[in-house]
Q: 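Structure below; questions to follow.
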Amino acid sequence: RAINLDYFDFSISLHCDHNDSPEPHGAHVCYFSKTGKRLATAIAAHLCKLMPGRAEKIRHRPGLYVLKSTKCPAVLCECGFISNPADAAMLQHEPHRIARAIAMGVADYVNA
């Protein structure tokens, strides 16, 4: 369903993690502010279900410049590990599933 985003301002920064070991996997969403936490929680509900594996689904990250310097609600989505074969395969072959999970979280945030 279409969402009118004309009255909503938020920032979503997309990233991938890397580790020397291929074992770590899964997504999580970082936030700085209280409104960012609400957006992070909404997105993580879908993204972390699609890409499980992290102990923390959302993380308060006050030191991340991209989050603390943005005035509107801002989140940073870590969309899995490029060093993990399963996460890397999803990122390469099914990025639309990741985008859809994030979009579903945005829809939940906007409609709450």
Q: Flag yes if Leu39 and Leu64 sit in one hydrophobic cluster, no otherwise; membership is Ile, Leu, Val, Met, Phe, Trp, Tyr, and two members link when side-chain heavy atoms are under 4.5 Å apart.
A: no
Q: Would you say that Arg61 contacts Leu67 through its side chain, given a criterion of any heavy-atom pair below 4.5 Å between the two side chains?
A: yes
Q: Ignoring hydrogens, what is the shortest heavy-atom contact between Cys72 and Asp9? Give both atom names and the distance.
A: CB-O, 3.6 Å
Q: Any side-chain heavy atom of Arg54 within less than 4.5 Å of one from Phe81?
A: yes
Q: Just verifying a value: how many Å separate Ser11 OG and Lys71 NZ, rounded to the nearest 0.5 Å?
A: 13.0 Å
Q: The criterion is side chain to side chain donor-acceptor pair (under 3.5 Å); which residues satisfy it with Thr35, sequence neighbours excluded?
A: Ser33
Q: Quick one, Pro85 and Pro22 - any side-chain contact, counting heavy atoms below 4.5 Å?
A: yes
Q: Give the ring-plane orientation class for Phe10 versus Tyr109, where under 30° counts as parallel, over 60° as perpendicular and anything between as tilted.
A: perpendicular
Q: Side chains of Ile102 and Cys79: closer than 4.5 Å at any heavy-atom pair?
A: yes
Q: Check whether any side-chain heavy atom of Ile12 lies under 4.5 Å from a side-chain heavy atom of Val106, and answer yes or no.
A: yes
Q: So, for Gly36 and Pro73, which heavy atoms are closest and what is the spacing to 0.1 Å?
A: N-CB, 4.1 Å
Q: Return the CZ to OH distance between Arg59 and Tyr31, rounded to the nearest 0.5 Å.
A: 10.5 Å
Q: Any chance you could measure Glu78, atom CD, to Ser13, atom OG, to the nearest 0.5 Å?
A: 8.5 Å
Q: Find the distance between CZ (Arg100) and CG (Leu50) and round it off to the nearest 0.5 Å.
A: 11.0 Å
Q: Do side-chain atoms of His28 reach the backbone of Ile58 as a donor and acceptor pair under 3.5 angstrom?
A: no
Q: Could you see if Ile43 belongs to whatever hydrophobic cluster contains Met51? Use Ile, Leu, Val, Met, Phe, Trp, Tyr and a side-chain cutoff under 4.5 Å.
A: yes
Q: Nearest heavy-atom pair of Asp87 and Gly26: which atoms, and what distance?
A: OD2-N, 2.8 Å
Q: Please give me the minimum heavy-atom distance between Glu23 and Asn84, naming the atom from each residue.
A: O-ND2, 3.5 Å
Q: What distance do Leu47 atom CG and Cys77 atom SG have between them, rounded to the nearest 0.5 Å?
A: 6.0 Å
Q: May I ask you to decide if Gly80's main-chain N or O and Asp17's side chain share a donor-acceptor pair within less than 3.5 Å?
A: no
Q: Sequence neighbours excluded, which residues qualify as side-chain contact (heavy atoms from CB on, under 4.5 Å) partners of Ile82?
A: Cys16, His18, Leu91
Q: Between atom NE2 of His15 and atom CG of Leu76, what is the distance when rounded to the nearest 0.5 Å?
A: 3.5 Å
Q: With sequence neighbours left out, write down each residue that passes side chain to side chain donor-acceptor pair (under 3.5 Å) with His46, or none if nothing qualifies.
A: Asp108
Q: Grab the two heavy atoms, one from Val66 and one from Ala74, that are nearest each other, plus how far apart they are.
A: O-CB, 4.5 Å
